[in-house]
Each structure stands twice: as C-alpha cells, then as structure tokens.
Amino acid sequence: MDTPMSSTIADHADGTPMEKAPPIEVNEFENLYEMAVAQFERAADLTELKPSLRAILSEPKNELIVNFPVRMDTGETIMARGYRIQHNNILGCYKGGLRFSPHVHLDEVKALAAWMTWKCALADLPFGGAKGGLQIDPAQLSPVELERVTRRFTHALGSNIGPDYDIPAPDMGTNAQTMVWMMDTYMNTIAYASKNVSRHVVTGKTVASGGSVGRDEATGRGTIYNVASWATENDVDLSGCKFAVQGYGNVGSFAARILQDEYGATLVAAQDHTGSITNPQGIEANDLADHVSANGGVGGYGKAEAEDPDEFWKTDCDIMIPAALEWQLTSTNAPQLKCRLVAEGANGPTTMAADRILQENGIDIIPDILANAGGVIVSFFEWTQNRRGETWYLDEVRHKLKRRIADAYDRVQRTRRHYGCTTREATSIAALDRVAQAYDERGIFP
Ligand code: GLU
C-alpha cells in the first residue's frame with residue numbers, strides 16, 4: 001500500500017526546512033486548465049501523492065454543458081450556453097461561483113472549479129469545488145433580459161445544483177441580485193416541496209433575501225487579512241505602505257478601502273478595463289469607489305493622472321493587488337514589478353513563469369486560493385446561518401473570517417518551511433493534504 005499522507009505538517013524540531021524542493025521548468029501555458037493541472041502535479045510530486053489519487057484529482061468529477069433559448073426584449077430568441085463543472089466533493093457539497101462573460105469557455109471553468117476544491121480545503125470548509133459559467137455579456141443585456149437568462153439557466157441546471165449538493169455563488173459578471181433570482185427560481189420549480197428550507201441553494205444573496213452581512217466585502221477583506229498576516233510575519237508597518245490595485249470591482253475596491261481605512265496604507269495606482277490612473281501622493285479609495293459606481297470604471301478619475309496601461313505594473317509601491325482577471329502577470333511584465341508583495345485577489349492572475357520571476361526577484365506572493373478565500377468562507381457562514389435559521393452580527397462574521405484566514409495563512413507558511421518550497425507550492429500542498437487524507441480514510445467505493 002502507498003504510504004498515507006500525514007494530516008499535519010510540522011517544522012523540523014530545530015526549525016530548519018526539509019531538503020529544498022528542486023526548481024521545475026516552467027512554461028507559459030496557453031490554457032488555464034493546463035496551468036491548474038501543472039500546479040496540482042507539482043504539489044502531487046512534492047508530496048509523493050499516490051498514483052490513484054493523482055488520477056482522480058486531475059479531472060473534474062462532472063462536466064455539465066447546457067444550451068437553452070432565451071427571449072430578448074426585441075422578441076428575438078437567442079441560444080445561450082452554460083457550464084457547471086463539479087470538480088470534487090470528497091470534503092462536502094460542490095461549491096463555487098457562476099461567471100457571466102462572453103469569454104467563458106470549458107477549460108477556464110474547469111480550472112476555476114479545481115481551484116475551488118483547493119480553496120475550500122485550504123480554508124478547512126466542508127465543501128468541495130465547482131464553478132459555472134454562462135457565455136453572455138451581462139453589460140449588453142437589459143435588466144429584464146438578465147433576469148430571464150438567469151432564471152432559464154437555473155432551470156436548465158435543474159437538480160444538478162441543490163442546497164445539499166452543489167451551491168453556486170457570485171463571480172465575475174454576477175452579483176447578489178443574480179443569486180436571488182436563482183434562489184427564487186430553484187425554490188419555485190425544483191424544490192417547491194421544501195421551499196422554505198432551501199434558500200441555501202445559493203450563497204452571496206442580498207441580506208433581505210437570506211444573505212449574510214459581510215458577504216459583499218468578504219473576498220476583499222480576506223485578501224487584506226492575509227496582507228495583515230504577512231505584515232506581522234515580516235515586521236512591516238502597513239500604515240507606511242503604498243499599494244496598487246488592478247480591478248476596482250467587488251474584490252479590488254473593498255480590498256483598497258479596507259487597506260486604507262483600517263490599516264492606514266495609501267493607494268497610489270489603479271487599473272481596470274477603462275484605464276490606468278496614478279497619484280503618488282495618494283488616491284482616496286472611497287472616493288474612487290464612488291467614481292467607479294457612477295462611471296463604470298477608474299478611467300476619467302479627476303484626482304489622479306491617467307497613465308499608459310503598461311506603466312501600471314511598474315508602480316513604485318509595496319503591495320500589488322491583482323484583483324481582475326486571470327493571466328495578468330506574465331513573463332513580460334513580472335520583471336517590472338517593484339513591490340514587496342503580490343496579493344492575488346483574482347483567480348489565476350499570475351502565470352507559472354511569472355511566478356518564478358517574482359520569486360527570483362524576492363517578491364513575496366499570497367496565492368489566489370489563499371488570498372481570495374474570504375468570499376467562499378463567508379459563503380460558508382451564509383449557508384450555515386440559512387441551515388440553522390440564524391442571522392449573525394457583522395462583528396461576528398468578521399471575527400470568524402479573520403480567524404480562518406489567519407489559520408490558513410499559518411498552515412501555508414508551516415508547509416512552506418517544511419518542504420522548502422515556494423509559497424504557491426505550499427498553498428497547493430496544504431490544500432491537497434486535506435483532500436488526500438479524506439481519500440485515504442474513506443478509500444474508493446466499492
Ligand atoms: N466566486 C468566488 C470564488 O471564486 C466565491 C465562491 C463562493 O462563495 O462559493 O471564490
């Protein structure tokens with residue numbers, strides 16, 4: 001029999017790391033799923049994962065594609081294509097967001113679903129990993145069209161989702177209103193017999209419709225709690241730090257406001273699809289959030305200079321927060337970074353080659369599945385409150401979130417020292433360790 005993995009990872013008694021993990025050849029992948037698998041395989045190599053588990057975890061358990069018609073306001077009918085990938089459920093129900101974007105494709109959703117498995121395991125949640133996507137541009141649809149497409153997609157997913165089976169949440173292009181439409185559709189069509197006890201079929205709902213306080217800010221807040229752990233570990237005074245944010249949507253704008261208002265750091269640059277802006281004297285993060293709400297992006301913000309988008313990554317700052325899309329930091333721009341820390345608010349913003357460059361340049365990284373775990377952690381709190389018929393206070397939610405992030409952060413650092421590996425490798429290993437232990441204990445049915 002293969003040797004089972006240990007469930008806890010300890011430093012050597014004298015504090016020295018195990019033999020240093022040899023570096024790997026890294027390529028720029030053209031496919032996000034290939035990158036997710038390569039990251040997993042690296043963790044599997046370092047932990048000498050048994051071949052059977054390697055095979056199981058390399059592929060999602062279920063891949064669902066639905067095509068369905070939607071009536072537009074013009075009376076015309078379009079066909080929409082949706083995905084739901086259920087990667088793994090050894091630790092609990094499938095869990096993960098739904099992305100509405102014209103660029104959504106199967107391999108992207110597969111990568112994001114796999115990362116959800118690792119994210120939930122790392123945060124010690126009783127959830128597996130899933131992700132969904134709908135190939136539409138929400139910005140091109142009227143509110144009524146958006147409601148129709150959301151309800152029709154929910155209906156097409158049918159009993160492939162459920163409060164004790166697979167629980168969607170917001171992601172790029174979706175929000176609390178999307179989740180409320182999904183919940184309402186599910187309750188009225190699929191789960192009409194258990195209507196009043198199935199609102200936890202989705203998380204990230206509005207508070208009025210059963211959401212949790214603190215869910216809207218949770219991903220950005222989790223990113224900053226990680227940054228705070230890093231600052232404590234490295235004796236950095238955040239109040240003297242400058243930071244830059246890519247993406248000023250839900251994650252980026254909450255991260256910026258919390259890092260400024262609660263830790264005293266100064267926002268000096270921001271970038272999104274509408275432009276790049278900079279002000280070395282500081283940009284007021286709440287004022288910029290108001291501008292983004294009114295104008296749809298950071299472009300045109302009057303109290304900062306517009307700059308060439310390529311200049312953004314060269315910003316003179318301590319902390320860089322990519323909180324937009326995948327594959328933003330590549331081997332081309334990674335050498336230009338001047339910061340001390342990259343905290344990945346987005347999923348998969350750094351290619352493996354860029355990761356290696358940052359590491360060689362002595363830049364610390366808080367990898368995505370740790371840095372943006374706050375969202376799914378508070379989704380878990382929402383799910384728990386719905387199941388128990390409770391509503392928690394905001395200070396309770398924040399306190400519990402902080403504790404879970406701090407625990408996960410510490411576990412990653414212990415793993416890094418133990419294996420003598422990079423932080424990204426340690427993050428994958430710490431997550432994989434949880435999943436592998438459950439497989440070892442339960443075995444393979446029958
Ligand atoms: N879409 C978010 C993520 O990527 C949240 C998932 C959830 O709350 O289930 O982590």
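Whatever order the structure lists ligands and atoms in, that order sets their numbers, starting from 1.
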[X] side-chain N/O to [Y] backbone N/O, donor-acceptor pair under 3.5 Å:
X      : Y      : value
Glu344 : Ala346 : no
Gln359 : Thr422 : no
Glu145 : Ser142 : yes
Glu262 : Leu259 : no
Asn361 : Leu358 : no

[X]-ligand 1 polar pair, N/O distance under 3.5 Å:
X      : answer
Thr203 : no
Asn372 : no
Met116 : no

Min side-chain heavy-atom separation [X]-[Y] under 4.5 Å:
X      : Y      : value
Phe40  : Trp118 : yes
Leu325 : Gln246 : no
Phe380 : Lys95  : no
Arg99  : Leu112 : yes
Pro349 : Asp368 : yes

Can you find a non-hydrogen atom of [X] under 4.0 Å from ligand 1?
X      : answer
Arg99  : no
Glu382 : no
Gly204 : no
Pro170 : yes

Counting from 1, what ligand 1 atoms have a heavy atom of [X] closer than 4.0 Å?
X      : answer
Gly96  : 9 (O)
Gly375 : 8 (O)
Lys131 : 1 (N), 3 (C), 4 (O)
Gly97  : 1 (N), 6 (C)
Asn347 : 4 (O)
Lys119 : 3 (C), 4 (O), 10 (O)

If you have a sec, work out which protein heavy atom is nearest [atom] and how many Å separate them, to one decimal?
atom                   : answer
atom 5 (C) of ligand 1 : Arg215 NH2, 3.6 Å
atom 7 (C) of ligand 1 : Ala169 CB, 3.3 Å
atom 8 (O) of ligand 1 : Ser379 OG, 2.6 Å
atom 9 (O) of ligand 1 : Lys95 NZ, 2.8 Å
atom 1 (N) of ligand 1 : Asp171 OD1, 2.8 Å

Practice task
For the pair Tyr301 and His291, name the ring-plane relationship: parallel under 30°, tilted 30 to 60°, perpendicular over 60°.
Solution key: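 Ring orientation of Tyr301 relative to His291: perpendicular.
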